[in-house]
2 protein chains.
Amino acid sequence: MEWNLDDSRSIWPQLREQIMRAIVAGEYKPGDAFPTVRDLAQDAGVNRNTMQRAMAELEGDGLLITNRTSGRKVTDDQKLILKIKEELAQKNIENFIDEMQSLGYTAEEAVKMAERVTEKKGVNDK
Amino acid sequence: MEWNLDDSRSIWPQLREQIMRAIVAGEYKPGDAFPTVRDLAQDAGVNRNTMQRAMAELEGDGLLITNRTSGRKVTDDQKLILKIKEELAQKNIENFIDEMQSLGYTAEEAVKMAERVTEKKGVNDK
DNA sequence: TTTATTGTCTTATGCACCTAAGACAATATC
DNA sequence: GATATTGTCTTAGGTGCATAAGACAATAAA
């Protein structure tokens with residue numbers, strides 16, 4: 001997968017978030033085998049301890065299942081995945097509106113401006 | 001002003017952003033006198049060196065003007081303030097849509113979901 | 001049974017940031 | 001002219017994170 005790391009924040013939460021998004025977006029399917037810590041660390045260009053931390057958190061989230069010597073797999077619990085996806089979306093929307101309001105826009109203005117951007121640029125650009 | 005500091009990121013950029021938002025939102029008017037570093041630091045509950053760093057950055061942004069012994073004031077350049085406000089809004093919108101897409105939604109879906117939230121909850125709630 | 005793989009634990013090192021607090025030059029204020 | 005204010009610079013110490021790399025138990029694979 002593609003990594004996008006920002007040195008203004010700690011790395012392990014970013015790894016956690018990005019893997020989480022990949023799972024809820026269906027990039028990794030429920031039940032899929034998952035790369036080893038060492039491989040994934042190398043792929044992302046981070047130390048294996050850092051990736052280890054992210055994986056442990058994702059296990060705590062219930063998204064990854066660990067089998068001591070046979071590696072990890074994505075959870076089979078599709079309801080959990082959907083629930084997390086919707087929670088992330090909700091937080092994202094609220095955060096967007098909050099920030100626009102802190103700039104001095106109303107929520108309606110914020111939504112209308114976003115609408116205008118999507119109409120101009122199309123769905124898949126950016 | 002009200003401070004909202006998060007220990008998952010460095011503090012000085014957060015101070016910078018929050019002061020910047022307060023200025024573009026009109027909470028501080030163009031030409032207004034600005035509190036001293038020491039006062040503002042105490043108000044925010046941070047060390048004065050940390051606040052100093054944020055102020056220096058804001059001066060670099062052109063939003064604050066420093067007079068060595070008489071303190072600081074907000075810039076008179078209303079065009080600059082407006083320009084920064086619009087840039088922040090633009091970035092915010094793009095960021096919102098990017099994140100929703102990374103969760104597996106289309107840009108249109110993202111906007112519609114945001115629309116639904118504002119309709120339900122009203123402008124000034126949260 | 002032997003070997004390799006995998007997750008995990010541990011110790012050590014370096015770095016960036018925050019805090020703390022002293023000091024000083026420029027200048028507004030009295 | 002004396003004093004206080006203000007921004008700024010400096011040194012010191014503590015903390016959390018990332019890196020690096022060795023080690024080990026459990027177990028899959030040969």
Side-chain angles (χ1 to χ4, degrees), chain A residues 1-20 22-23 28 30-76, chain B residues 1-20 22-23 28 30-76:
Chain A
M1 66 180 279
E2 202 179 312
W3 303 99
N4 206 332
L5 299 176
D6 174 4
D7 62 358
S8 76
R9 285 197 307 148
S10 300
I11 293 178
W12 68 262
Q14 300 184 57
L15 297 174
R16 177 189 176 194
E17 288 163 16
Q18 289 179 31
I19 294 171
M20 187 179 284
I23 292 175
Y28 289 101
D32 268 6
F34 217 70
T36 68
V37 177
R38 287 168 173 84
D39 284 350
L40 217 50
Q42 188 169 29
D43 183 48
V46 301
N47 189 273
R48 71 183 199 243
N49 302 310
T50 307
M51 185 60 77
Q52 165 77 22
R53 176 72 187 272
M55 306 284 258
E57 299 282 339
L58 287 162
E59 196 179 344
D61 295 325
L63 287 175
L64 292 184
I65 309 294
T66 301
N67 274 50
R68 182 89 191 188
T69 57
S70 65
R72 291 187 167 85
K73 59 165 195 161
V74 180
T75 180
D76 275 320
Chain B
M1 66 181 279
E2 203 180 311
W3 303 99
N4 205 331
L5 299 176
D6 173 4
D7 62 357
S8 77
R9 285 197 306 148
S10 298
I11 293 180
W12 68 261
Q14 300 184 57
L15 297 173
R16 178 188 176 195
E17 288 164 17
Q18 289 179 31
I19 294 171
M20 187 179 282
I23 292 175
Y28 290 101
D32 268 7
F34 216 71
T36 68
V37 177
R38 287 168 173 83
D39 284 350
L40 217 49
Q42 189 169 27
D43 183 47
V46 301
N47 189 272
R48 73 182 198 245
N49 302 311
T50 308
M51 185 60 77
Q52 165 77 21
R53 176 72 187 273
M55 306 284 258
E57 298 282 340
L58 287 162
E59 197 180 343
D61 295 325
L63 287 176
L64 291 184
I65 309 293
T66 301
N67 275 49
R68 181 90 191 186
T69 57
S70 65
R72 291 186 166 87
K73 61 166 194 160
V74 180
T75 180
D76 275 321

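Listed candidates were D:dT8, C:dG7, C:dA26. Nearest to the side chain of B:Gln52 is D:dT8.
For the pair A:Val37 and A:Arg72, the minimum side-chain heavy-atom distance is below 4.5 Å. With contacts defined as side-chain heavy-atom distances shorter than 4.5 Å, the pair B:Trp3/B:Leu40 qualifies. For the pair A:Val46/A:Trp12, no side-chain contact is recorded, criterion being any heavy-atom separation below 4.5 Å from C-beta on. At least one side-chain heavy atom of B:Ile65 sits under 4.5 Å from a side-chain heavy atom of B:Asn67.
A heavy-atom distance below 4.0 Å to DNA chain C is reached by these residues of residues 58-68 of chain B, ordered by number: B:Arg68.
Summarising the geometry, the separation between CE on A:Met51 and P on D:dA18 is reported as 12 Å, rounded to the nearest angstrom. Going from atom CE of B:Met55 over to atom C1' of D:dT6 covers 11 Å, rounded to whole Å. Distance, A:Lys73 NZ to C:dG7 C1': 17 Å, rounded to whole Å. Between A:Leu15 atom CG and D:dC17 atom P the separation is 14 Å, expressed in whole Å. When the C1' atom of D:dT19 is taken as reference, atom CD of A:Gln42 falls 15 Å away, rounded to whole Å. Rounded to an integer number of Å, the gap from CD of B:Glu57 to C1' of D:dT8 is 15 Å.
The minimum heavy-atom distance linking A:Met1 with A:Asp43 is given by the pair O-OD2, 3.6 Å. Shown here for B:Leu63 and B:Met20, the closest heavy-atom pair between the two residues is CD1-CG, 3.7 Å.
In this structure, OG1 in A:Thr36 is found 10.5 Å from CZ in A:Arg48, a value given to the nearest 0.5 Å.
Under the side-chain contact (heavy atoms from CB on, under 4.5 Å) test applied with A:Met51, the options A:Asp39, A:Ile11, A:Leu15 reduce to a single match, A:Leu15.
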Per-nt protein contacts along nucleotides 15-22 of chain C (heavy atom under 4.0 Å; B base, S backbone sugar-phosphate only, - none) come out as --SSBBBB
